[in-house]
Amino acid sequence: MGLTVAQKLIKSHLLSGEMTVGSEIGLRIDQTLTQDATGTMAYLEFEAMGVPRVKTELSVAYIDHNTLQTGFENADDHRFIQTATKKRGVRFSRPGNGICHQVHLERFGKPGKTLIGSDSHTPTGGGIGMLAMGAGGLDVAVAMGGGAYYITMPKIVNVHLTGKLSPYVAAKDIILEVLRIMTVKGGVGKIIEYTGEGIKTLSVPERATITNMGAELGATTSVFPADEITKAFLEAQGRGEDFTELKADADAVYDETIEINLSELEPMAAMPHMPDRVKKVTEIGQIHVDQVCIGSCTNSSLMDMMKVAQILKGKKVCPTVSLSIAPGSKQVLTMLAQNGALADMIAAGARILESACGPCIGMGQSPNSAGISLRTFNRNFEGRSGTKDAGIFLVSPETAAASALTGVLTDPRTLGEPLHILMPERFLVNDNMIEMPATAEEADSVEVLYGPNIKPFPTTEKLPESIEAKAVLKVGDDITTDHIMPAGAKILPYRSNIPYLSKFCFAVCDETFAERCKKEGKGIIIGGANYGQGSSREHAALVPLYLGVKAVITKSFARIHCANLVNAGILPLNFKNEADYDKITQGDELALPEIKTAIVNDAPAYLKNLTTGETYELKYELSQRQKDIILAGGLLNYTRDAQN
Ligand code: MIC
Ligand code: SF4
């Protein structure tokens, strides 16, 4: 039987396990990336593991999230990452060089390689035929130390594209359509592989938009083959030698197939507050728009920016709209400056931001009260923009630019003449903001500089025989890690200070949670389906750990968050019968009797509701390795135990 692109990538990196859907497999990781909001923790964890130098083919640390320096904290973290990476053998992409996924695609990604990153949008690399996955910081630290990365062998979904996009319909509209069909839970346990004649019409930046936002499906990753289009992109980046062809076998078998005819697609938008609340722009109608933000790792390539510049050229941004534009990398920004497109944007009235995540993670540009903001980003979760009652719509750069001119949600096809943007034959290459690490010989003399904002990790304990604790919080379906551990300009600087960060835990859902939980000293969280979707931030596990959370019991989990809970030593459990979720009230006294013995013996686990007297059966989908991690009280303890 033939293999799909994803299966070929897995097969060539398989270190342990069987390639049967549902079983745990260990993969060799060729490349890693970190960004600053998760990176400080990842390098502290790497340090705690005691491995002197990274063992990967390539590891890169990017500074792109916490670039708003309103106090010493972010600058200190940048300095820590810069010195720690220099010592440990990691390249360092300086603030201003661009958003991790955009720069990695331009300068480092290689077809046929594996990549994990401490950021959920690492699947962007799937746009050039990599097996690229988001992971928690600790998993990235382990991979940097030469350890395997473990996933559950996923199903492979074939998204078969036919036809060709019409003028003003974009790659963003393709992934929005996939989200509409599959929903934010639909990709869990799956890799989305794109096939068909339609993919030949899509450039690498367009493919990368699609694989990037595939994260919102909950998928393990998304991937395109590496073909002549990939080759042309790498050659234009001066990296032709990094190309290897990677295609699915003609007789490859997929677990599911979704057909999309690109010729039939229209401009789409994801409505507040979920990326799968997708409708056609024409269906939503000409709603008033207060703000338009263009950029983020989804839509900040040179091609996207050139489209925006052409739409804005010679026109004026509507006076009631604030338009901000953040080109994705220094390469993009420099090329826009050189070809005059930047001047067209500025002349039209755009506010140009630095090449970083910026408003996407609430670092500035929060909308006005109850404001409507159109964004070319990938997430529109409640409160993520920094304004709780704002309504964020996710759209293509074309729809965003057209709407910035009119002040209402506008179908860009009304602009008339089609745009003509071609990928340049040669991108401008200047890597002078990427610092090389010290050599192994020089490393000893590099001093790692820590700031006062770096506080110790929460400590973990081995799993006790039984757990008794209150249901400190009960939440519904699709809770994101932005709910659990919000980000934004006021909170992000404290990513290396868990005690401070803990004050904001679940603040979007319940402002009293952190205090209540800390006072109790321990607790159990009850969640609905797809608990922990979204960001890879391990803080969404480390902070509850600090507050005393012992177990999280849900209808189902999102992949990365579930792994982060295990790594933190918090038990992730599921209701055997989903209806039991309804029988628990926040504040109930709960017990997990003899839970340790159950896990050791692979026996059924039970949750006793001491308040109502009921008992519910639970299930847990933990591999032997994960059980051992839980029993040891988290991955750091487990790794240390293994070394001794
Ligand atoms: C995000 O888009 O939510 C982030 C911010 O990039 C996160 C990482 C983080 O929380 O630091 C992600 O996607 O993993
Ligand atoms: Fe940055 Fe936004 Fe991309 Fe996350 S989704 S990496 S915050 S640009």
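Position 1 is the first residue of the sequence, and the numbers go up from there. Only a predicted model underlies this, so the values are computations on that prediction, with no experimental measurement involved.
- A cation-pi arrangement is absent between K279 and F393 under the rule of less than 6.0 angstrom and at most 45 degrees off the ring axis.
- For the atom pair CZ (F457) and CD (E45), the distance works out to 4.5 Å, reported to the nearest 0.5 Å.
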### Query
Given the rule in the side chain to side chain donor-acceptor pair (under 3.5 Å) test, do T376 and N299 qualify, once you have shown the distances and angles that lead to the verdict?
CA-CA 6 Å; T376 65; N299 279 121; 4.6 Å; no
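- Between the side chains of H483 and T480, at least one donor-acceptor pair of N or O atoms lies under 3.5 Å.
- Between K462 and D641 there is a salt bridge, since at least one side-chain N of the basic residue sits less than 4.0 Å from a carboxylate O of the acidic one.
- Under a cut-off of 6.0 angstrom, the local environment of NZ in K155 is sparse, with at most 12 non-hydrogen atoms contributed by other residues, nucleotides or ligands.
- How far CE of M213 is from NE2 of H121: 7.5 Å, rounded to the nearest 0.5 Å.
- Remark: of the listed residues M485, H539, K503, M485 is the sole one forming a side chain to side chain contact (heavy atoms under 4.5 Å, CB included) with I491.
- Looking at every heavy atom in both residues, V140 comes nearest to G117 through CG2-C, 3.7 Å.
- Salt-bridge check for R516 with D510: passed, with a basic side-chain N closer than 4.0 Å to an acidic carboxylate O.
- The NE2 atom of H273 sits 13.0 Å away from atom CG of D482, with the distance rounded to the nearest 0.5 Å.
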### Message
Run L565 and F557 through side-chain contact (heavy atoms from CB on, under 4.5 Å) and show every step you take.
### Response
CA-CA 10 Å; L565 287 174; F557 287 101; 3.6 Å; yes
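- A248 approaches Y254 most closely through the heavy-atom pair CB-OH, 3.5 Å.
- The number of heavy-atom neighbours closer than 6.0 Å to CD of Q586, taken from other residues, nucleotides and ligands shown, is above 12.
- No side-chain donor-acceptor contact under 3.5 Å links N530 and D477.
- For the residue pair A568 and L542, the shortest heavy atom distance occurs at CB-CD2, 4.3 Å.
- Side chains of Q35 and D64: a donor-acceptor N/O pair is absent below 3.5 angstrom, by distance only.
- You'll find the side chain of V5 stays beyond 4.5 Å of the side chain of L131, heavy atoms only.
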### CA sep, side-chain torsions, deciding dist, call: I570, I630, side-chain contact (heavy atoms from CB on, under 4.5 Å)
CA-CA 7 Å; I570 298 178; I630 288 281; 6.0 Å; no
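- Electrostatic pairing of K190 and E256 counts as a salt bridge here, judged by a charged N lying under 4.0 Å from a carboxylate O.
- Using a distance-only test at 3.5 Å, with no hydrogens or angles considered, a donor-acceptor pair links the side chain of E193 to the main chain of A6.
- Screening L636, V142, L635 against N567 for a side chain to side chain contact (heavy atoms under 4.5 Å, CB included) leaves a single residue, L635.
- To the nearest 0.5 Å, atoms CZ (R277) and CG (L394) are separated by 11.5 Å.
- A donor-acceptor pair under 3.5 Å links the side-chain atoms of D588 to the main chain of T585, judged by distance alone.
- D276 has no carboxylate O lying under 4.0 Å from a charged side-chain N of R180, or vice versa, which leaves the two without a salt bridge.
- Ion pairing between a basic and an acidic side chain is recognised when a charged N comes within 4.0 Å of a carboxylate O; E614 and K583 show no such pairing.
- R207 and S222 share no side-chain donor-acceptor pair at under 3.5 Å.
- Classification of K596 and E465 as a salt-bridged pair fails, no side-chain N sitting under 4.0 Å from a carboxylate O.
- Between the side chain of R28 and the main chain of S12, a donor-acceptor pair closer than 3.5 Å is present.
- Between H561 and Y531, the angle of the ring planes lies from 30° to 60°, which puts this pair in the tilted group.
- Checked by atom type and distance alone, the side chain of T611 pairs as donor or acceptor with a backbone atom of E589 at under 3.5 Å.
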### Message
Working note: H104 + L115, criterion side-chain contact (heavy atoms from CB on, under 4.5 Å); need CA distance, chi angles, decisive distance, verdict.
### Response
CA-CA 10 Å; H104 206 85; L115 163 72; 3.7 Å; yes
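- A donor-acceptor contact under 3.5 angstrom links the side chains of Y43 and T34, judged on distance only.
- D628 is listed as a side-chain neighbour of Y638, based on a closest heavy-atom distance under 4.5 Å.
- In this structure, the side chain of K172 engages the main chain of F377 through a donor-acceptor pair within 3.5 Å.
- Using a 4.5 Å heavy-atom threshold, the side chains of E177 and V278 count as separate.
- Between the side chain of Q7 and the main chain of T4, a donor-acceptor pair closer than 3.5 Å is present.
- Under the 3.5 Å distance criterion, the side-chain polar atoms of S118 are left unmatched by any main-chain donor or acceptor of G136.
- Under 3.5 Å, the side chains of T554 and N574 contain a donor-acceptor pair of N or O atoms.
- In this structure, T481 contributes its side chain and S535 its backbone to a donor-acceptor pair below 3.5 Å.
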### Message
Between S296 and N378, does the side chain to side chain donor-acceptor pair (under 3.5 Å) criterion hold? Intermediate values first, please.
### Response
CA-CA 8 Å; S296 92; N378 46 35; 4.9 Å; no
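- Summarising the geometry, atom CD1 belonging to I116 is positioned 10.5 Å from atom CD1 belonging to I151; distances are rounded to the nearest 0.5 Å.
- The residues D602 and K627 are annotated as salt-bridged, a charged nitrogen and a carboxylate oxygen being separated by less than 4.0 angstrom.
- Between K576 and P604 there is no side-chain heavy-atom pair separated by less than 4.5 Å.
- Looking at K518 and E515, no side-chain N of the basic residue comes within less than 4.0 Å of a carboxylate O on the acidic one, giving no salt bridge.
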### Candidate pair S120 and R379, rule side chain to side chain donor-acceptor pair (under 3.5 Å), full reasoning
CA-CA 11 Å; S120 64; R379 291 189 172 141; 2.7 Å; yes
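- Put simply, CD1 on I526 and CD1 on I524 are 6.5 Å apart, with the number rounded to the nearest 0.5 Å.
- Using a 3.5 Å distance cut-off with no hydrogens or angles, the side chains of S536 and D119 do not pair a donor with an acceptor.
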### Message
Does N609 form a side chain to side chain donor-acceptor pair (under 3.5 Å) with Y616? I'd like the steps, not just the answer.
### Response
CA-CA 8 Å; N609 190 332; Y616 322 110; 3.1 Å; yes
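- N601 places a side-chain N or O within donor-acceptor distance of the main-chain N or O of T597, the cut-off being under 3.5 Å.
- The two atoms that bring I484 and G532 nearest to each other are CD1-CA, 4.2 Å, heavy atoms only.
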### Task
Could you walk me through whether I192 and M182 pass the side-chain contact (heavy atoms from CB on, under 4.5 Å) test, one step at a time?
CA-CA 11 Å; I192 318 297; M182 291 186 75; 3.8 Å; yes
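- Side-chain contact check for L33 versus S59: every heavy-atom pair is 4.5 Å or farther apart.
- Taking each heavy atom of A605 and I595 in turn, the nearest pair found is CB-CD1, 3.6 Å.
- Of the possible polar contacts, one joining the T211 side chain to the P123 backbone as a donor-acceptor pair under 3.5 Å is found.
- Taking each heavy atom of L590 and A471 in turn, the nearest pair found is CD1-CB, 3.7 Å.
- Between Y494 and Y500, the ring planes lie tilted relative to each other; the angle falls in the 30° to 60° range.
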